[in-house]
Amino acid sequence: MNECVLPDPAGLFEIRFESIGGLGANSAGKILATAAVLDMNLNGSHFSSYGSEKKGSVVRSYVRLGAADKPIRTSAPIDTPDVIVVFHDALTKQEITLAGLKKGGILIYNGMAGDVPKLLEKVPAGTRIIRIDATNIAMEEFSRANAVVLGTLCEIVPFLDGAQVLERLTAKFRTRNPKAAAANDRAFARGASEYEELEGVAKGEDDLPVIRPMPVLGYETAPLGGVIPHAGNTISNDLSTSRTGYMPKFAGAKCIHCGLCATVCPDFCLAWTHEADEDGEQKIRLKGVDYQYCKGCMRCVETCPTEALVRVVETPGLADSLRVPLFSQKESSAA
Ligand code: SF4
Ligand code: SF4
């Protein structure tokens, strides 16, 4: 067993994974803590918090590591982590994702090269910001984003033993599915070598404040009688952060307007219109997808008989440029 020494052997080293369901953040936390305890002679604990267990829900996964003689006595969520790992770049638009990040800490996020999320300017100066294109690497290697970001994390945090973490990640596949094990090996290695360190982006002066998600209505704030005076409306839902890097793209020329996609879409996000055909008869026609409500489940793609809907990698701005709003009145009143 390797002897791993924490930066502060008297304290705890805390890592928070920010993700959405389906990207493997819970598994990554479990693998990392298991490797730390069983292979690196450290104390460790791990747990995750999430809502309903489905693709697209927000997931936070917490890993605490301590020296072998330092018991871990808390199981509270990690508010002020040493490292934050963001599995989906859409999450970098939300302040809560980066909450509690300390000066001198580390932020690793999954994102493509190019535009840097605006919110990263608030990160305290002196924090290391690391970008890795985990989605594309995972797709190219037939692996998952968690294998890629674990590779990056083990490279950036020197006391983590990457070989041991990789072994915990792939061990169960070696005999059952050698191809999957090899895919994870490649994804992990690329995560460890293809990251980019962003210099001069972090400009904040102070540690980022802690934010604890709280329900809007609770024991002390609920109106008398449990009345909800201002009911919500699903029109304001935004499911774009639920997509895990892919989106359906509509090719109108191939569409036969059969409606099969509409029967399987769980969020009714396909936009239809009435149009007169050459005989003047009114027909219902598919115009496209309202990506505000699309969670990227790909049921429509799997169902379409003509490949008028295909799965594509979601690049920055693509959904906005192809979006067909379902509620155009709402858009014009907001403008
Ligand atoms: S299933 Fe395909 S062909 Fe049928 S309406 Fe939907 S996109 Fe068009
Ligand atoms: S991927 Fe297709 S089926 Fe799934 S939510 Fe989006 S439009 Fe609907």
Side-chain angles (χ1 to χ4, degrees), residues 19-25 50-59 87-94 110-112 133-136 138-140 142-146 232-331:
S19 185
I20 57 175
L23 292 175
Y50 39 83
S52 56
E53 203 166 333
K54 63 172 187 182
K55 273 190 178 180
S57 311
V58 172
V59 173
F87 279 55
H88 192 315
D89 64 349
L91 296 170
T92 54
K93 295 177 191 157
Q94 302 171 359
N110 173 14
M112 294 180 200
D133 189 354
T135 304
N136 274 313
M139 195 172 66
E140 287 163 14
F142 303 100
S143 181
R144 294 178 77 195
N146 61 359
N233 191 314
T234 50
I235 286 183
S236 56
N237 264 0
D238 187 353
L239 297 183
S240 58
T241 56
S242 300
R243 294 192 293 271
T244 55
Y246 304 101
M247 55 183 256
K249 187 176 175 193
F250 180 57
K254 290 185 176 177
C255 180
I256 55 174
H257 310 285
C258 62
L260 280 175
C261 49
T263 65
V264 296
C265 177
D267 291 288
F268 305 109
C269 41
L270 294 153
W272 299 83
T273 186
H274 286 83
E275 274 176 11
D277 66 8
E278 52 279 9
D279 301 324
E281 197 179 334
Q282 288 290 316
K283 299 279 185 194
I284 297 175
R285 296 281 184 244
L286 182 60
K287 300 302 288 179
V289 182
D290 190 339
Y291 295 101
Q292 177 180 336
Y293 308 106
C294 170
K295 62 188 175 197
C297 67
M298 299 299 146
R299 287 182 200 171
C300 56
V301 171
E302 289 154 15
T303 307
C304 178
T306 64
E307 298 185 348
L309 286 161
V310 290
R311 184 175 89 143
V312 296
V313 172
E314 182 168 356
T315 49
L318 184 62
D320 286 342
S321 68
L322 298 179
R323 178 180 174 220
V324 179
L326 276 170
F327 303 102
S328 41
Q329 283 166 319
K330 178 175 91 77
E331 306 287 319

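For this chain, numbers begin at 1 and follow the sequence in order. Any value given below was found using the heavy atoms of this structure, including those in side chains, with hydrogens, waters and symmetry copies removed. Order of appearance sets the numbers: ligands from 1, and atoms from 1 within every ligand.
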Practice task
Considering only non-hydrogen protein atoms, determine which one is nearest to atom 4 (Fe) of ligand 1 and report residue, atom name and distance to 0.1 Å.
Solution key: Cys258 SG, 2.3 Å

Exercise for the section: Test side-chain contact (heavy atoms from CB on, under 4.5 Å) on Thr303 and Cys261 and set out the steps. Expected result: CA-CA 6 Å; Thr303 307; Cys261 49; 5.7 Å; no

Which of the ligand 1 atoms, numbered from 1, are nearer than 4.0 Å to a heavy atom of [X]:
X: His257; result: 5 (S), 8 (Fe)
X: Ala308; result: 7 (S)
X: Leu286; result: 6 (Fe), 7 (S)

Problem - Shortest non-hydrogen separation from Gly296 to Arg243 and the atoms involved - result: N-CG, 3.5 Å

Practice task
Check ligand 2 against Lys295 and write out every atom of the ligand that is under 4.0 Å from a heavy-atom position of the residue.
Solution key: 5 (S)

Practice task
Would you mind telling me if ligand 1 is within reach of the side chain of Thr306, the backbone, both or neither, using heavy atoms under 4.0 Å?
Solution key: side chain

Practice task
With heavy atoms only and a cut-off of under 4.0 Å, state how Cys304 meets ligand 1: side chain, backbone, both or neither.
Solution key: both

Handout entry: Short N/O/S contact of Cys255 with atom 8 (Fe) of ligand 1 (below 2.8 Å)
Key = yes

Exercise for the section: Using a strict cut-off of less than 4.0 Å between a Lys/Arg side-chain nitrogen and an Asp/Glu carboxylate oxygen, indicate whether Lys249 and Glu314 qualify as a salt bridge. Expected result: no

Practice task
Give a yes or no answer on whether the side chain of Asn110 reaches the backbone of Phe87 with a donor-acceptor pair at less than 3.5 Å.
Solution key: yes

Practice task
Please answer whether the main-chain N or O of Asn237 pairs with a side-chain N or O of Gln292 as donor and acceptor at a distance below 3.5 Å.
Solution key: yes

Exercise for the section: Please examine the side chains of Leu23 and His88, heavy atoms only from C-beta on, and report whether any two atoms are closer than 4.5 Å. Expected result: yes

Handout entry: Student check: side-chain heavy atoms of Pro248 and Val310 closer than 4.5 Å
Key = no

Exercise for the section: Tell me, please, whether Tyr291 has Arg323 positioned over its six-membered ring: NZ or CZ under 6.0 Å from the ring centre and within 45 degrees of its axis? Expected result: no

Problem - Counterpart residues, salt bridge (Lys or Arg N to Asp or Glu O under 4.0 Å), relative to Glu278 (two or more places apart) - result: none

Practice task
Look at ligand 1 and say whether Pro305 reaches it with a heavy atom at a distance under 4.0 Å.
Solution key: yes

Practice task
Consider ligand 1: state whether an atom of it lies below 4.0 angstrom from any non-hydrogen atom of Thr303.
Solution key: no

Exercise for the section: Please assess Val324 against Asp290 for the test side-chain contact (heavy atoms from CB on, under 4.5 Å), listing each intermediate value before the final yes or no. Expected result: CA-CA 5 Å; Val324 179; Asp290 190 339; 5.8 Å; no

Handout entry: Contacts of atom 2 (Fe) of ligand 2 with protein N/O/S atoms, counting only those under 2.8 Å
Key = Cys300 SG

Exercise for the section: Determine the sole option in Gln282, Lys287, His257, Lys283 for which the side-chain hydrogen bond (donor to acceptor under 3.5 Å, both in side chains) test with Glu275 is passed. Expected result: Lys287

